[in-house]
Asks: 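Before I ask anything, here is the structure I am working with.
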Amino acid sequence: MERTPYEEHYRGAIVVALVTLLAIYTAIPRFWNVYLIPIWAVCGVISAILMFGSVFWLPFVGTDEWGGLPLTMIVFLTTVGFGFPLAILFALGRRSKLPIIKAVCVITIEIVRGLSLISVLFMMIIFLSLFLPGDLTIDKLLRALVGMVIFFGAYSAEVIRGGLQAVPNGQYDAVKALGLNYLKSHILIILLQALRTVLPALVNDIIGAFKNTTFASIIGIFDIFGAAKASLRDVSWTRYATEVYIFVALIFFIYCFSMAKYSAFIERRSSKERAR
Amino acid sequence: MSDTGGELVRISSLNKWYGDFHVLRDIDLVVGESEKVVICGPSGSGKSSLLRCMNRLESYQEGSITVAGNKVSDDKASLNRLRHATGMVFQNFNLFPHLMTLENLTIGPVYSLAHPVAEARAKALQMLDRVKVADQALKYPGQLSGGQQQRVAIARALMMEPRLLLFDEPTSALDPEMINEVLEAMKELAEQGMTMVIVTHEMGFARNVANLIGFMDHGCIREAASPEEFFNNPKSERTRAFLSQLI
Ligand SMILES: Nc1ncnc2c1ncn2[C@@H]1O[C@H](COP(=O)(O)OP(=O)(O)OP(=O)(O)O)[C@@H](O)[C@H]1O
Ligand SMILES: [Mg+2]
């Protein structure tokens with residue numbers, strides 16, 4: 001299978017740079033604002049245009065030709081970007097008073113948590129093709145992404161649920177006494193506090209999601225790890241195997257280490273607010 | 001009882017159970033506009049439960065409660081009106097720890113009543129001034145003393161311009177030297193004509209402020225009388241025993 005043609009590689013590089021810069025910008029508390037959400041949405045659209053192409057002067061590149069660090073980034077950000085809201089919905093749904101919503105959430109969470117990511121990914125690849133009518137094919141990358149989003153959502157839902165349980169009952173009393181409705185009170189008061197309590201565990205999950213992107217290579221998606229392996233099949237590269245793997249490891253280390261450090265910074269920052 | 005006419009709260013034949021446990025038994029209580037009712041009684045007698053039924057933090061099984069013309073029920077619209085008509089001050093303050101004092105005050109008006117932010121902020125500063133914590137507006141609850149936190153909590157309840165304020169042991173979690181500053185703030189409110197139902201064991205405060213003192217025991221209101229009568233000539237044996245313990 002052909003990878004992205006070499007002369008189109010700059011597009012992936014732009015995506016990586018764009019996303020990394022925006023992530024750094026987002027990380028700075030001074031810039032925390034709801035506007036970040038549309039900014040990220042725009043970033044997603046730009047990235048999609050760059051990756052797919054077939055508009056402007058950009059030739060089309062199908063997802064089966066994507067690869068390398070840009071793909072790793074895309075898998076990671078999609079997993080967290082969609083998985084995190086899903087986790088919140090799962091966690092709230094699990095505490096819902098409506099039996100149906102509660103049942104759906106409990107069953108999904110428990111099934112997914114009983115599986116490994118690998119089995120979820122294989123289910124997405126193999127079972128989905130069995131159940132879908134033959135002529136309907138869903139992009140392999142999209143299926144892997146759906147699997148990863150659900151996996152992340154189910155695991156983090158339990159973390160968030162722990163945080164929700166740690167919010168004192170008095171906080172619920174106070175929001176009700178002020179007449180705040182379910183949605184507003186959860187966004188403004190309950191969830192904010194719950195997420196703060198479980199931030200370290202949540203960052204753990206997010207770092208885990210970054211590392212888990214490598215599983216994509218097992219089902220034939222050429223994330224950075226898959227790309228490294230593939231390039232080593234080229235004889236002229238084989239003798240650099242150590243260097244290639246060290247380079248990949250270094251990239252993972254830089255991203256994961258900065259996330260861990262950043263979470264420690266955020267923790268210190270919010271504990272300062274509470275300190276007497 | 002009331003010298004101002006209007007009736008704000010009417011509770012009749014209220015019964016409530018937690019599972020098998022009969023926590024409120026045949027409660028009848030009327031609170032007039034701008035009246036102050038103090039409720040006392042031993043631990044576990046159902047004082048908090050009664051108070052929490054009045055703003056529907058707890059449900060009840062029998063009887064009826066009407067607050068400011070709203071029958072207390074689960075009906076969405078009437079529940080909304082009820083919550084806007086009542087404010088509550090809790091034993092443990094229950095301020096929002098991740099919000100500054102000022103934001104604690106504005107969150108109700110802005111997000112519950114859809115008031116403009118600027119207006120809510122101006123009003124919040126006024127309210128903080130009223131309970132004498134204006135200098136703490138930009139601090140987080142964790143940075144305030146217990147007494148200051150409770151006064152902020154009172155200001156937060158006032159922001160909704162409630163017609164009825166409910167206090168559940170507002171001074172029990174405070175160090176002794178801070179009790180008075182909170183009682184002072186409550187006394188001022190009382191003088192300004194706020195209708196208040198207060199669960200407290202501060203009998204000096206009750207004597208000065210209350211129009212009616214109710215003594216609860218095992219889910220019943222054993223005695224409801226004016227302060228003079230309550231302290232000087234209690235009818236029930238249980239009340240006498242309770243008072244002698246307090247003094
Ligand atoms: N949610 C609940 N579920 C079951 N039982 C409860 C619940 N809340 C309170 N109770 C019980 O009901 C009784 C009355 O509780 P309540 O809190 O109303 O008493 P109280 O008079 O306010 O006591 P205190 O002075 O200790 O605050 C207690 O025995 C308590 O254990
Ligand atoms: Mg109580």
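Note on naming: letters A, B, ... go to the chains in the order of the sequence lines (proteins, then strands), and numbering restarts at 1 for each one.
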Asks: Can you say whether B:L79 sits under 4.5 Å from chain A via the side chain, the backbone, both, or neither, judging by heavy atoms?
Replies: neither
Asks: Rounded to the nearest 0.5 Å, how far does CZ of B:R83 lie from CG of A:L178?
Replies: 10.0 Å
Asks: More than 12 heavy atoms of other residues, nucleotides or ligands under 6.0 Å from CZ of A:F31: yes or no?
Replies: yes
Asks: Would one find more than 12 heavy atoms of other residues, nucleotides or ligands at under 6.0 Å from atom CD1 of A:I28?
Replies: yes
Asks: For A:Q171 and B:L95, indicate whether the former's side chain and the latter's backbone hold a donor-acceptor pair under 3.5 Å.
Replies: yes
Asks: Side chain, backbone, both or neither: which part of B:F90 has a non-hydrogen atom closer than 4.5 Å to chain A?
Replies: side chain
Asks: Search all heavy atoms of B:S112 against all heavy atoms of A:G179 and return the closest pair with its distance.
Replies: OG-O, 2.8 Å
Asks: Residues of residues 164-179 of chain B under 4.5 Å from chain A (heavy atom pairs)?
Replies: none
Asks: Distance check, rounded to the nearest 0.5 Å: B:F96 atom CZ versus A:L188 atom CG?
Replies: 9.0 Å
Asks: Would the number of heavy atoms belonging to other residues, nucleotides or ligands and lying under 6.0 Å from CD of B:E161 be above 12?
Replies: no
Asks: Measure A:K184 against the heavy atoms of chain B and call it side chain, backbone, both or neither at under 4.5 Å.
Replies: side chain
Asks: Report, in residue-number order, which members of residues 44-57 of chain B are under 4.5 Å from chain A by heavy-atom distance.
Replies: B:R52, B:N55, B:L57
Asks: Using a cut-off of under 4.5 Å on heavy-atom pairs, state which of A:L180, A:N169, A:N181, A:V175 scores highest against chain B.
Replies: A:L180
Asks: Kindly say whether A:A174 contributes a backbone atom to a donor-acceptor pair with the side chain of B:N94 at under 3.5 angstrom?
Replies: no
Asks: A quick test of your reading: do over 12 heavy atoms of other residues, nucleotides or ligands sit less than 6.0 Å from CZ of A:F210?
Replies: yes
Asks: Taking all atoms of both residues into account, what is the closest heavy-atom pair of B:H98 and A:L192, and its distance?
Replies: CD2-CD1, 3.6 Å
Asks: Mark yes when over 12 heavy atoms from residues, nucleotides or ligands other than B:K71 sit less than 6.0 Å from its NZ; otherwise mark no.
Replies: yes
Asks: Count the heavy atoms of every other residue, nucleotide or ligand shown that sit under 6.0 Å from OH of A:Y172, and state whether that count exceeds 12.
Replies: yes
